[in-house]
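As the structure is a prediction and not an experimental result, all values here were calculated from the model. A note on names: the letters A, B, ... follow the listed sequences, proteins ahead of strands, and every chain is numbered from 1.
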Amino acid sequence: MVEAVGVRKTYGDNEVLQGIDLTVGRGEVVSMLGPSGSGKSTFLRCINHLERLDGGEISVDGHLVGYRRAHGKKYELRPKDIAAARRGVGMVFQRFNLFPHRTALENVMEAPVFVKGLGKEEARTRASALLDRVGLADQAHQYPVTLSGGQQQRVAIARALAMEPALMLFDEPTSALDPELVGEVLDVMKGLATDGMTMIVVTHEIGFAREVCDRVVFMDDGLVVEQGPPADVFDRPQHTRTQTFLSKVL
Amino acid sequence: MATDTTAPAVTPHADEPIIRLRHPWRWVAIVVIGVYLAEVLWFFATSDAMRWDLVRGYLFEESIMRGLWMTVKLTVTAMVVGIALGTVLAVMRLSDNPVLRGLAGGYVWLFRGTPIVVQLLFWFFLGSVMPEVTFGIPFGPEFEFGQTSEVITPFLAAILGLGLNEGAYMAEIVRAGIGAVDHGQTESAQALGMSPFTTYRRVVLPQAARVIVPPTANESISMLKLTSLVLVIGLADLTTTAQLIYGRNFQQIPLLIVASFWYLVLTTILTIGQGWLERRLGRSDRYRSRPPRRLMLSGANR
(Lines give C-alpha, C1' and ligand atoms only; values in the text may rest on other atoms or scores of the structure.)
Protein backbone atom coordinates (compact mmCIF):
# COMPACT_ATOMS: atom_id res chain seq x y z
CA MET A 1 0.00 0.00 0.00
CA VAL A 2 2.70 2.45 1.03
CA GLU A 3 6.27 2.00 0.00
CA ALA A 4 8.91 4.50 1.09
CA VAL A 5 12.50 4.13 0.02
CA GLY A 6 15.38 6.32 1.22
CA VAL A 7 13.15 9.32 1.94
CA ARG A 8 15.15 12.43 2.75
CA LYS A 9 13.97 15.91 3.66
CA THR A 10 16.00 18.96 4.58
CA TYR A 11 15.01 22.29 6.11
CA GLY A 12 17.98 24.55 5.50
CA ASP A 13 20.94 22.77 7.11
CA ASN A 14 18.73 20.54 9.17
CA GLU A 15 18.19 17.11 7.67
CA VAL A 16 14.95 16.06 9.33
CA LEU A 17 14.58 12.82 7.37
CA GLN A 18 17.82 10.99 6.68
CA GLY A 19 16.67 8.09 4.57
CA ILE A 20 13.45 6.48 5.73
CA ASP A 21 12.53 3.02 4.45
CA LEU A 22 9.07 1.82 5.33
CA THR A 23 6.54 -0.54 3.83
CA VAL A 24 2.93 -0.64 4.95
CA GLY A 25 0.68 -3.41 3.68
CA ARG A 26 -3.00 -3.15 2.81
CA GLY A 27 -5.18 -3.20 5.91
CA GLU A 28 -2.19 -2.74 8.19
CA VAL A 29 -2.34 -0.30 11.09
CA VAL A 30 1.05 1.21 11.85
CA SER A 31 1.84 3.69 14.57
CA MET A 32 4.88 5.91 14.50
CA LEU A 33 6.50 6.85 17.77
CA GLY A 34 9.45 8.94 18.70
CA PRO A 35 10.60 12.05 20.52
CA SER A 36 9.44 15.41 19.14
CA GLY A 37 11.64 16.55 16.28
CA SER A 38 12.35 12.97 15.24
CA GLY A 39 10.70 13.59 11.87
CA LYS A 40 7.63 11.38 12.22
CA SER A 41 5.12 14.12 11.38
CA THR A 42 7.25 15.35 8.51
CA PHE A 43 7.40 11.83 7.09
CA LEU A 44 3.63 11.50 7.38
CA ARG A 45 3.17 14.78 5.52
CA CYS A 46 5.51 13.57 2.79
CA ILE A 47 3.16 10.65 2.14
CA ASN A 48 0.54 12.95 0.61
CA HIS A 49 3.06 15.48 -0.64
CA LEU A 50 2.25 18.26 1.79
CA GLU A 51 6.05 18.35 2.02
CA ARG A 52 8.37 18.02 -0.96
CA LEU A 53 10.94 15.26 -0.79
CA ASP A 54 14.60 16.06 -1.23
CA GLY A 55 15.54 12.50 -1.97
CA GLY A 56 14.17 8.98 -2.22
CA GLU A 57 10.61 8.21 -3.18
CA ILE A 58 7.24 7.23 -1.79
CA SER A 59 4.55 5.37 -3.63
CA VAL A 60 0.97 4.82 -2.52
CA ASP A 61 -1.02 2.03 -4.12
CA GLY A 62 1.71 1.64 -6.72
CA HIS A 63 1.65 5.30 -7.77
CA LEU A 64 4.62 7.56 -7.15
CA VAL A 65 3.63 10.46 -4.84
CA GLY A 66 4.10 13.94 -6.32
CA TYR A 67 6.24 12.87 -9.26
CA ARG A 68 6.03 11.19 -12.64
CA ARG A 69 8.76 8.77 -13.62
CA ALA A 70 10.14 9.08 -17.15
CA HIS A 71 13.52 8.59 -18.83
CA GLY A 72 15.16 7.55 -15.58
CA LYS A 73 14.14 10.79 -13.86
CA LYS A 74 11.32 11.93 -11.61
CA TYR A 75 9.44 14.97 -12.83
CA GLU A 76 7.45 16.99 -10.32
CA LEU A 77 3.71 16.98 -11.05
CA ARG A 78 1.47 20.01 -11.48
CA PRO A 79 -0.56 21.09 -8.41
CA LYS A 80 -3.76 19.87 -10.11
CA ASP A 81 -2.36 16.37 -10.62
CA ILE A 82 -0.97 16.23 -7.09
CA ALA A 83 -4.43 17.23 -5.85
CA ALA A 84 -5.96 14.39 -7.84
CA ALA A 85 -3.50 11.90 -6.35
CA ARG A 86 -4.33 13.01 -2.80
CA ARG A 87 -7.97 11.98 -3.14
CA GLY A 88 -7.13 8.42 -2.22
CA VAL A 89 -5.37 9.43 0.98
CA GLY A 90 -7.23 10.86 3.95
CA MET A 91 -5.48 12.98 6.53
CA VAL A 92 -6.40 14.00 10.05
CA PHE A 93 -4.49 16.84 11.68
CA GLN A 94 -3.49 17.56 15.23
CA ARG A 95 -5.41 20.84 15.24
CA PHE A 96 -8.46 19.42 13.38
CA ASN A 97 -8.45 22.19 10.75
CA LEU A 98 -12.18 22.00 10.20
CA PHE A 99 -13.56 24.71 7.93
CA PRO A 100 -14.93 27.15 10.53
CA HIS A 101 -17.37 28.78 8.12
CA ARG A 102 -19.19 25.51 7.39
CA THR A 103 -21.33 23.32 9.63
CA ALA A 104 -20.21 19.81 10.58
CA LEU A 105 -22.33 18.35 7.79
CA GLU A 106 -21.07 20.88 5.23
CA ASN A 107 -17.49 20.13 6.25
CA VAL A 108 -18.03 16.48 5.39
CA MET A 109 -19.91 17.30 2.15
CA GLU A 110 -17.40 19.83 0.89
CA ALA A 111 -14.84 17.58 -0.79
CA PRO A 112 -17.27 15.06 -2.35
CA VAL A 113 -19.22 17.94 -3.92
CA PHE A 114 -16.42 20.26 -4.97
CA VAL A 115 -13.67 17.75 -5.69
CA LYS A 116 -15.52 14.67 -6.88
CA GLY A 117 -18.50 16.51 -8.32
CA LEU A 118 -21.02 14.43 -6.42
CA GLY A 119 -24.62 15.71 -6.34
CA LYS A 120 -25.53 17.73 -3.25
CA GLU A 121 -28.32 15.40 -2.16
CA GLU A 122 -26.26 12.25 -2.46
CA ALA A 123 -23.34 13.93 -0.69
CA ARG A 124 -25.65 15.01 2.10
CA THR A 125 -26.99 11.48 2.58
CA ARG A 126 -23.49 10.03 2.69
CA ALA A 127 -22.19 12.78 4.97
CA SER A 128 -25.04 12.13 7.40
CA ALA A 129 -24.19 8.45 7.43
CA LEU A 130 -20.53 9.26 8.14
CA LEU A 131 -21.40 11.63 10.97
CA ASP A 132 -23.59 8.89 12.36
CA ARG A 133 -20.66 6.51 12.14
CA VAL A 134 -18.49 8.82 14.27
CA GLY A 135 -21.40 9.32 16.67
CA LEU A 136 -22.23 12.91 15.77
CA ALA A 137 -25.51 12.63 13.85
CA ASP A 138 -27.11 15.04 16.32
CA GLN A 139 -24.40 17.69 15.81
CA ALA A 140 -24.68 17.81 12.00
CA HIS A 141 -25.85 21.43 11.82
CA GLN A 142 -23.47 22.85 14.39
CA TYR A 143 -20.58 25.09 13.41
CA PRO A 144 -17.15 23.81 14.52
CA VAL A 145 -16.70 26.52 17.19
CA THR A 146 -19.63 25.10 19.11
CA LEU A 147 -18.16 21.58 19.18
CA SER A 148 -15.70 20.19 21.71
CA GLY A 149 -12.22 19.22 20.57
CA GLY A 150 -13.12 15.55 20.53
CA GLN A 151 -16.22 16.21 18.47
CA GLN A 152 -14.29 18.40 16.05
CA GLN A 153 -11.69 15.70 15.55
CA ARG A 154 -14.40 13.12 14.88
CA VAL A 155 -15.93 15.43 12.27
CA ALA A 156 -12.45 15.77 10.76
CA ILE A 157 -12.21 11.98 10.55
CA ALA A 158 -15.64 11.81 8.89
CA ARG A 159 -14.57 14.55 6.48
CA ALA A 160 -11.49 12.58 5.47
CA LEU A 161 -13.52 9.38 5.09
CA ALA A 162 -15.97 11.15 2.78
CA MET A 163 -13.44 10.90 -0.04
CA GLU A 164 -13.41 7.11 0.45
CA PRO A 165 -9.65 6.93 0.92
CA ALA A 166 -7.73 3.68 0.78
CA LEU A 167 -5.26 5.02 3.31
CA MET A 168 -5.71 7.22 6.35
CA LEU A 169 -2.93 9.32 7.88
CA PHE A 170 -3.30 10.59 11.44
CA ASP A 171 -0.93 13.32 12.60
CA GLU A 172 -1.07 13.26 16.42
CA PRO A 173 -4.88 13.22 16.35
CA THR A 174 -5.32 13.37 20.11
CA SER A 175 -2.45 15.66 21.14
CA ALA A 176 -4.57 18.81 21.14
CA LEU A 177 -7.39 17.26 23.15
CA ASP A 178 -8.31 17.48 26.80
CA PRO A 179 -7.52 14.12 28.42
CA GLU A 180 -11.15 13.14 28.93
CA LEU A 181 -11.87 13.60 25.20
CA VAL A 182 -9.05 11.40 23.90
CA GLY A 183 -11.02 8.20 24.33
CA GLU A 184 -13.89 9.09 21.98
CA VAL A 185 -11.48 9.84 19.13
CA LEU A 186 -9.43 6.70 19.72
CA ASP A 187 -12.65 4.66 19.73
CA VAL A 188 -13.53 5.94 16.26
CA MET A 189 -10.02 5.08 15.08
CA LYS A 190 -10.28 1.60 16.59
CA GLY A 191 -13.53 1.11 14.68
CA LEU A 192 -11.77 2.09 11.45
CA ALA A 193 -8.93 -0.33 12.14
CA THR A 194 -11.44 -3.12 12.80
CA ASP A 195 -13.12 -2.36 9.46
CA GLY A 196 -9.80 -3.01 7.74
CA MET A 197 -8.68 0.54 6.92
CA THR A 198 -4.97 0.97 6.22
CA MET A 199 -3.76 3.51 8.75
CA ILE A 200 -0.54 5.28 9.67
CA VAL A 201 -0.82 7.00 13.03
CA VAL A 202 1.71 9.37 14.52
CA THR A 203 0.86 9.28 18.19
CA HIS A 204 1.98 9.41 21.77
CA GLU A 205 -0.84 7.09 22.88
CA ILE A 206 1.13 3.99 23.86
CA GLY A 207 -2.05 2.23 24.94
CA PHE A 208 -3.66 2.72 21.55
CA ALA A 209 -0.51 1.62 19.73
CA ARG A 210 -0.25 -1.51 21.84
CA GLU A 211 -3.89 -2.47 21.55
CA VAL A 212 -4.80 -1.55 17.97
CA CYS A 213 -1.67 -1.40 15.87
CA ASP A 214 -0.16 -4.28 13.95
CA ARG A 215 3.24 -2.67 14.00
CA VAL A 216 5.07 0.07 15.84
CA VAL A 217 7.76 2.13 14.14
CA PHE A 218 10.14 4.01 16.41
CA MET A 219 11.87 7.03 14.88
CA ASP A 220 14.66 9.20 16.19
CA ASP A 221 16.77 11.88 14.51
CA GLY A 222 15.21 11.35 11.11
CA LEU A 223 15.76 7.62 11.00
CA VAL A 224 13.70 4.51 11.69
CA VAL A 225 15.49 3.06 14.71
CA GLU A 226 13.38 0.06 15.37
CA GLN A 227 10.11 -1.51 14.25
CA GLY A 228 8.05 -4.56 14.99
CA PRO A 229 4.89 -5.84 16.65
CA PRO A 230 3.88 -3.69 19.65
CA ALA A 231 4.65 -6.47 22.11
CA ASP A 232 8.27 -6.68 20.89
CA VAL A 233 8.96 -2.96 20.65
CA PHE A 234 7.32 -2.03 23.95
CA ASP A 235 8.36 -5.00 26.07
CA ARG A 236 11.70 -5.96 24.56
CA PRO A 237 13.14 -2.85 22.89
CA GLN A 238 16.46 -3.66 21.24
CA HIS A 239 17.99 -0.21 20.91
CA THR A 240 19.09 2.02 23.74
CA ARG A 241 17.36 5.02 22.13
CA THR A 242 14.05 3.16 22.12
CA GLN A 243 14.63 2.10 25.69
CA THR A 244 15.41 5.65 26.80
CA PHE A 245 12.31 7.02 25.08
CA LEU A 246 10.01 4.34 26.42
CA SER A 247 11.33 4.71 29.95
CA LYS A 248 10.17 8.35 29.79
CA VAL A 249 6.69 7.77 28.39
CA LEU A 250 5.61 4.43 29.79
CA MET B 1 -11.56 29.31 49.32
CA ALA B 2 -10.56 26.83 51.94
CA THR B 3 -12.69 28.58 54.52
CA ASP B 4 -15.72 28.09 52.30
CA THR B 5 -15.77 24.41 52.89
CA THR B 6 -14.50 24.24 56.43
CA ALA B 7 -16.47 27.10 57.88
CA PRO B 8 -19.39 28.40 55.81
CA ALA B 9 -19.51 32.15 56.14
CA VAL B 10 -22.53 32.65 58.27
CA THR B 11 -22.67 36.41 58.47
CA PRO B 12 -25.71 38.62 58.47
CA HIS B 13 -24.18 40.52 55.52
CA ALA B 14 -24.27 37.69 52.97
CA ASP B 15 -27.77 38.63 51.81
CA GLU B 16 -27.03 42.29 51.22
CA PRO B 17 -27.81 43.32 47.62
CA ILE B 18 -24.95 44.15 45.29
CA ILE B 19 -24.97 47.66 43.86
CA ARG B 20 -23.16 48.19 40.56
CA LEU B 21 -21.00 51.25 39.97
CA ARG B 22 -23.15 54.26 39.09
CA HIS B 23 -22.27 56.82 36.42
CA PRO B 24 -24.00 60.10 37.31
CA TRP B 25 -21.59 62.21 35.22
CA ARG B 26 -22.83 60.58 32.07
CA TRP B 27 -26.21 62.20 32.63
CA VAL B 28 -24.52 65.54 33.16
CA ALA B 29 -22.56 65.13 29.93
CA ILE B 30 -25.70 64.29 27.99
CA VAL B 31 -27.44 67.40 29.22
CA VAL B 32 -24.50 69.73 28.51
CA ILE B 33 -23.84 68.32 25.03
CA GLY B 34 -27.56 68.28 24.31
CA VAL B 35 -27.95 71.94 25.11
CA TYR B 36 -25.04 73.02 22.92
CA LEU B 37 -26.17 70.80 20.06
CA ALA B 38 -29.71 72.14 20.26
CA GLU B 39 -28.42 75.71 20.13
CA VAL B 40 -26.34 75.06 17.02
CA LEU B 41 -29.19 73.25 15.30
CA TRP B 42 -31.62 76.01 16.25
CA PHE B 43 -29.30 78.62 14.77
CA PHE B 44 -29.04 76.87 11.42
CA ALA B 45 -32.67 75.79 11.28
CA THR B 46 -34.04 79.27 11.89
CA SER B 47 -31.43 81.32 10.02
CA ASP B 48 -32.87 83.07 6.97
CA ALA B 49 -29.45 83.12 5.31
CA MET B 50 -29.52 79.33 5.16
CA ARG B 51 -32.28 79.43 2.52
CA TRP B 52 -33.90 76.18 3.49
CA ASP B 53 -36.42 76.83 0.76
CA LEU B 54 -33.56 76.52 -1.74
CA VAL B 55 -32.31 73.33 -0.10
CA ARG B 56 -35.77 71.83 -0.40
CA GLY B 57 -36.13 73.06 -3.95
CA TYR B 58 -32.82 71.63 -5.14
CA LEU B 59 -32.95 68.35 -3.20
CA PHE B 60 -34.78 66.53 -5.97
CA GLU B 61 -33.91 68.91 -8.79
CA GLU B 62 -33.27 67.18 -12.10
CA SER B 63 -29.58 67.96 -12.61
CA ILE B 64 -28.86 67.05 -8.97
CA MET B 65 -30.61 63.72 -9.58
CA ARG B 66 -28.51 63.16 -12.69
CA GLY B 67 -25.34 63.97 -10.72
CA LEU B 68 -26.43 61.60 -7.96
CA TRP B 69 -27.07 58.82 -10.45
CA MET B 70 -23.62 59.44 -12.02
CA THR B 71 -21.99 59.19 -8.57
CA VAL B 72 -23.81 55.93 -7.82
CA LYS B 73 -22.98 54.43 -11.24
CA LEU B 74 -19.30 55.39 -11.01
CA THR B 75 -18.93 54.16 -7.41
CA VAL B 76 -20.59 50.80 -8.02
CA THR B 77 -18.78 50.09 -11.29
CA ALA B 78 -15.38 51.25 -10.04
CA MET B 79 -15.71 49.19 -6.86
CA VAL B 80 -16.79 46.08 -8.77
CA VAL B 81 -13.77 46.48 -11.05
CA GLY B 82 -11.55 47.24 -8.06
CA ILE B 83 -12.66 44.28 -5.95
CA ALA B 84 -12.44 41.78 -8.82
CA LEU B 85 -9.06 43.09 -9.93
CA GLY B 86 -7.80 43.33 -6.35
CA THR B 87 -8.71 39.71 -5.63
CA VAL B 88 -6.93 38.48 -8.74
CA LEU B 89 -3.88 40.64 -7.97
CA ALA B 90 -3.76 39.45 -4.34
CA VAL B 91 -3.83 35.80 -5.36
CA MET B 92 -1.14 36.54 -7.96
CA ARG B 93 1.04 38.22 -5.35
CA LEU B 94 0.80 35.19 -3.08
CA SER B 95 1.43 32.72 -5.90
CA ASP B 96 4.49 30.48 -6.14
CA ASN B 97 4.93 31.72 -9.67
CA PRO B 98 7.53 34.52 -9.71
CA VAL B 99 6.18 35.91 -12.99
CA LEU B 100 2.69 36.42 -11.55
CA ARG B 101 4.15 37.75 -8.30
CA GLY B 102 6.29 40.25 -10.14
CA LEU B 103 3.46 41.42 -12.40
CA ALA B 104 1.11 42.00 -9.48
CA GLY B 105 3.81 43.74 -7.45
CA GLY B 106 4.63 46.03 -10.36
CA TYR B 107 0.98 46.83 -10.93
CA VAL B 108 0.39 47.82 -7.31
CA TRP B 109 3.59 49.88 -7.31
CA LEU B 110 2.56 51.81 -10.42
CA PHE B 111 -1.12 52.40 -9.71
CA ARG B 112 -0.66 53.21 -6.04
CA GLY B 113 2.30 55.39 -6.79
CA THR B 114 0.74 57.87 -9.24
CA PRO B 115 -2.01 60.40 -8.46
CA ILE B 116 -5.51 59.31 -9.35
CA VAL B 117 -6.19 62.59 -11.15
CA VAL B 118 -3.20 61.88 -13.38
CA GLN B 119 -4.55 58.41 -14.10
CA LEU B 120 -8.00 59.76 -14.99
CA LEU B 121 -6.48 62.33 -17.35
CA PHE B 122 -4.15 59.70 -18.81
CA TRP B 123 -7.03 57.48 -19.93
CA PHE B 124 -8.99 60.48 -21.12
CA PHE B 125 -6.15 61.81 -23.27
CA LEU B 126 -4.85 58.42 -24.39
CA GLY B 127 -6.23 59.11 -27.85
CA SER B 128 -3.74 61.92 -28.36
CA VAL B 129 -0.76 59.56 -28.28
CA MET B 130 -2.45 56.37 -29.43
CA PRO B 131 -5.08 57.22 -32.03
CA GLU B 132 -6.27 53.64 -32.52
CA VAL B 133 -6.89 50.83 -30.08
CA THR B 134 -5.27 47.66 -31.37
CA PHE B 135 -4.27 44.43 -29.76
CA GLY B 136 -1.41 42.58 -31.37
CA ILE B 137 -0.01 39.14 -30.68
CA PRO B 138 3.78 39.24 -31.16
CA PHE B 139 4.59 37.88 -34.64
CA GLY B 140 0.88 37.21 -35.01
CA PRO B 141 -2.25 38.98 -36.19
CA GLU B 142 -3.31 42.38 -34.94
CA PHE B 143 -6.86 43.16 -33.92
CA GLU B 144 -8.30 46.63 -34.28
CA PHE B 145 -11.01 47.95 -32.00
CA GLY B 146 -11.39 51.40 -33.55
CA GLN B 147 -10.60 55.03 -32.77
CA THR B 148 -9.36 55.53 -29.22
CA SER B 149 -11.46 58.63 -28.76
CA GLU B 150 -14.58 56.65 -29.64
CA VAL B 151 -13.73 53.52 -27.65
CA ILE B 152 -12.70 55.35 -24.49
CA THR B 153 -15.66 57.56 -23.69
CA PRO B 154 -15.33 59.91 -20.70
CA PHE B 155 -17.36 57.42 -18.65
CA LEU B 156 -15.07 54.53 -19.59
CA ALA B 157 -12.03 56.71 -18.86
CA ALA B 158 -13.52 57.40 -15.43
CA ILE B 159 -14.10 53.69 -14.78
CA LEU B 160 -10.58 52.83 -15.95
CA GLY B 161 -9.05 55.57 -13.84
CA LEU B 162 -11.03 54.89 -10.68
CA GLY B 163 -11.33 51.10 -11.04
CA LEU B 164 -7.72 50.31 -11.96
CA ASN B 165 -6.50 52.56 -9.16
CA GLU B 166 -8.89 50.97 -6.68
CA GLY B 167 -7.70 47.52 -7.78
CA ALA B 168 -4.21 48.32 -6.48
CA TYR B 169 -5.56 49.28 -3.05
CA MET B 170 -7.97 46.36 -2.92
CA ALA B 171 -5.12 44.00 -3.78
CA GLU B 172 -3.43 44.88 -0.51
CA ILE B 173 -6.67 44.57 1.46
CA VAL B 174 -7.43 41.14 0.00
CA ARG B 175 -3.84 40.04 0.54
CA ALA B 176 -4.07 40.96 4.21
CA GLY B 177 -7.37 39.06 4.43
CA ILE B 178 -5.86 35.93 2.88
CA GLY B 179 -2.90 36.23 5.23
CA ALA B 180 -5.27 36.18 8.19
CA VAL B 181 -6.55 32.70 7.30
CA ASP B 182 -4.71 29.94 9.14
CA HIS B 183 -2.39 27.94 6.92
CA GLY B 184 -3.86 24.74 8.34
CA GLN B 185 -6.99 25.53 6.33
CA THR B 186 -5.08 25.38 3.07
CA GLU B 187 -3.38 22.17 4.16
CA SER B 188 -6.57 20.37 5.06
CA ALA B 189 -8.18 21.52 1.81
CA GLN B 190 -5.18 20.17 -0.10
CA ALA B 191 -5.25 16.94 1.86
CA LEU B 192 -8.86 16.49 0.70
CA GLY B 193 -7.65 16.70 -2.89
CA MET B 194 -8.79 20.24 -3.66
CA SER B 195 -7.03 22.00 -6.51
CA PRO B 196 -5.45 25.38 -5.70
CA PHE B 197 -8.39 27.14 -7.37
CA THR B 198 -11.03 25.24 -5.39
CA THR B 199 -9.04 25.79 -2.20
CA TYR B 200 -9.15 29.54 -2.74
CA ARG B 201 -12.76 29.63 -3.82
CA ARG B 202 -14.27 27.36 -1.19
CA VAL B 203 -11.95 27.62 1.80
CA VAL B 204 -9.58 30.58 1.86
CA LEU B 205 -11.52 33.47 0.30
CA PRO B 206 -14.78 32.90 2.22
CA GLN B 207 -12.81 33.08 5.45
CA ALA B 208 -10.72 36.01 4.27
CA ALA B 209 -13.96 37.86 3.45
CA ARG B 210 -14.61 38.53 7.13
CA VAL B 211 -11.37 40.45 7.41
CA ILE B 212 -11.81 42.11 4.02
CA VAL B 213 -15.33 43.53 4.50
CA PRO B 214 -14.64 46.43 6.91
CA PRO B 215 -11.76 47.98 4.94
CA THR B 216 -13.67 47.37 1.69
CA ALA B 217 -16.67 49.26 3.05
CA ASN B 218 -14.21 52.02 3.92
CA GLU B 219 -12.93 52.03 0.35
CA SER B 220 -16.48 52.13 -1.05
CA ILE B 221 -17.44 55.09 1.11
CA SER B 222 -14.22 56.84 0.18
CA MET B 223 -14.87 56.05 -3.50
CA LEU B 224 -18.27 57.70 -3.21
CA LYS B 225 -16.53 61.00 -2.64
CA LEU B 226 -13.51 60.27 -4.81
CA THR B 227 -15.79 60.09 -7.85
CA SER B 228 -16.05 63.89 -7.75
CA LEU B 229 -12.59 63.91 -9.34
CA VAL B 230 -14.18 62.96 -12.67
CA LEU B 231 -14.82 66.68 -12.95
CA VAL B 232 -11.36 66.88 -14.57
CA ILE B 233 -12.55 64.84 -17.53
CA GLY B 234 -15.82 66.66 -17.90
CA LEU B 235 -18.26 64.35 -16.15
CA ALA B 236 -20.79 65.87 -13.77
CA ASP B 237 -21.22 63.90 -10.57
CA LEU B 238 -23.09 65.07 -7.49
CA THR B 239 -20.44 67.48 -6.14
CA THR B 240 -19.66 68.89 -9.56
CA THR B 241 -23.36 69.48 -10.26
CA ALA B 242 -23.79 71.30 -6.97
CA GLN B 243 -20.74 73.44 -7.76
CA LEU B 244 -22.07 74.24 -11.23
CA ILE B 245 -25.35 75.42 -9.74
CA TYR B 246 -23.86 77.62 -7.02
CA GLY B 247 -21.47 79.00 -9.61
CA ARG B 248 -24.55 80.53 -11.20
CA ASN B 249 -26.67 81.51 -8.19
CA PHE B 250 -23.97 81.98 -5.50
CA GLN B 251 -25.93 79.93 -2.95
CA GLN B 252 -22.95 77.85 -1.89
CA ILE B 253 -24.05 76.61 1.54
CA PRO B 254 -27.58 75.49 0.56
CA LEU B 255 -26.24 73.51 -2.39
CA LEU B 256 -23.44 71.98 -0.38
CA ILE B 257 -26.07 70.87 2.12
CA VAL B 258 -28.04 69.28 -0.72
CA ALA B 259 -24.94 67.38 -1.87
CA SER B 260 -23.99 66.40 1.70
CA PHE B 261 -27.51 65.14 2.33
CA TRP B 262 -27.26 62.70 -0.57
CA TYR B 263 -23.73 61.59 0.37
CA LEU B 264 -24.98 60.86 3.89
CA VAL B 265 -27.90 58.87 2.48
CA LEU B 266 -25.55 56.78 0.31
CA THR B 267 -23.06 56.31 3.15
CA THR B 268 -25.87 55.18 5.43
CA ILE B 269 -26.99 52.61 2.88
CA LEU B 270 -23.40 51.34 2.54
CA THR B 271 -22.99 51.17 6.32
CA ILE B 272 -26.19 49.16 6.68
CA GLY B 273 -24.96 46.84 3.92
CA GLN B 274 -21.64 46.45 5.71
CA GLY B 275 -23.35 45.53 8.97
CA TRP B 276 -25.54 42.99 7.20
CA LEU B 277 -22.54 41.41 5.46
CA GLU B 278 -20.55 41.25 8.68
CA ARG B 279 -23.39 39.55 10.51
CA ARG B 280 -23.88 37.11 7.66
CA LEU B 281 -20.19 36.22 7.47
CA GLY B 282 -20.02 35.99 11.26
CA ARG B 283 -22.90 33.55 11.57
CA SER B 284 -20.50 30.65 12.06
CA ASP B 285 -19.61 31.98 15.49
CA ARG B 286 -22.96 33.39 16.52
CA TYR B 287 -22.87 31.20 19.62
CA ARG B 288 -20.41 33.70 21.05
CA SER B 289 -23.33 35.93 21.88
CA ARG B 290 -21.89 39.22 22.92
CA PRO B 291 -23.84 40.97 25.65
CA PRO B 292 -26.04 43.62 24.06
CA ARG B 293 -24.25 46.93 24.11
CA ARG B 294 -26.29 49.32 26.19
CA LEU B 295 -25.68 52.81 27.28
CA MET B 296 -24.87 52.20 30.90
CA LEU B 297 -26.30 55.18 32.67
CA SER B 298 -27.95 53.93 35.76
CA GLY B 299 -26.38 51.51 38.17
CA ALA B 300 -29.13 49.01 37.50
CA ASN B 301 -27.36 47.09 34.81
CA ARG B 302 -29.12 43.97 33.59
Side-chain angles (χ1 to χ4, degrees), chain A residues 44-45 47-52 76 78-104 106-117 141-147 155-156 159-165 167-171 176, chain B residues 87-88 91-101 174 176-214 216 276-291:
Chain A
L44 199 75
R45 293 161 57 83
I47 297 177
N48 67 355
H49 206 70
L50 284 179
E51 303 280 349
R52 274 202 187 95
E76 192 176 356
R78 293 164 172 282
K80 239 172 75 182
D81 300 319
I82 294 172
R86 285 192 183 115
R87 287 167 206 172
V89 181
M91 183 150 185
V92 175
F93 297 85
Q94 183 178 351
R95 292 193 302 114
F96 329 133
N97 294 348
L98 289 182
F99 304 137
H101 57 307
R102 308 247 176 264
T103 63
E106 288 166 346
N107 261 278
V108 182
M109 288 169 61
E110 191 73 16
V113 172
F114 290 94
V115 177
K116 269 190 180 166
H141 299 292
Q142 297 297 319
Y143 283 100
V145 273
T146 66
L147 301 175
V155 174
R159 181 177 68 172
L161 290 175
M163 290 299 284
E164 302 178 310
L167 168 71
M168 285 284 285
L169 307 174
F170 293 86
D171 188 4
Chain B
T87 308
V88 172
V91 172
M92 281 168 71
R93 273 203 106 173
L94 294 166
S95 150
D96 285 336
N97 183 335
V99 179
L100 296 179
R101 256 196 337 256
V174 175
I178 292 173
V181 178
D182 181 31
H183 188 63
Q185 292 291 312
T186 308
E187 284 194 341
S188 61
Q190 285 175 339
L192 286 167
M194 288 192 194
S195 65
F197 178 74
T198 311
T199 303
Y200 263 116
R201 189 169 68 93
R202 298 292 308 173
V203 178
V204 177
L205 288 178
Q207 293 183 58
R210 297 189 63 176
V211 184
I212 293 170
V213 165
T216 304
W276 178 81
L277 254 181
E278 282 178 20
R279 271 194 307 283
R280 193 182 150 73
L281 290 170
R283 70 191 189 283
S284 62
D285 55 13
R286 65 186 151 192
Y287 90 105
R288 279 186 229 152
S289 56
R290 255 169 295 146

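Between A/Leu98 and A/Arg159, the closest side-chain pair of non-hydrogen atoms falls below 4.5 Å. Residues A/Arg102 and A/Glu110 meet the side-chain proximity criterion, which asks for heavy atoms closer than 4.5 Å. Within the 4.5 Å cutoff, the side chain of B/Val203 has no heavy atoms near those of the B/Thr186 side chain.
With a 4.5 angstrom heavy-atom cutoff, A/Val115 touches chain B only via side-chain atoms. Contact annotation for A/Phe93: only side-chain heavy atoms (C-beta onward) come within less than 4.5 Å of a heavy atom of chain B. Using a 4.5 Å cut-off between heavy atoms, B/Asp96 does not touch chain A at all. Contact annotation for A/Ile82: neither backbone nor side-chain heavy atoms come within less than 4.5 Å of a heavy atom of chain B. Interface remark: B/Arg201 contributes side-chain atoms only to the contact with chain A (heavy atom separation under 4.5 Å).
Under the 3.5 Å distance criterion, the side-chain polar atoms of A/Thr146 are left unmatched by any main-chain donor or acceptor of A/Gln142.
Among the candidates B/Met194, B/Gln185, B/Arg202, the residue making the largest number of heavy-atom pairs closer than 4.5 Å to chain A is B/Arg202.
Look at A/Arg87 and A/Glu164 and you find no salt bridge, because none of the NZ, NE, NH1 or NH2 atoms lies under 4.0 Å from a carboxylate O.
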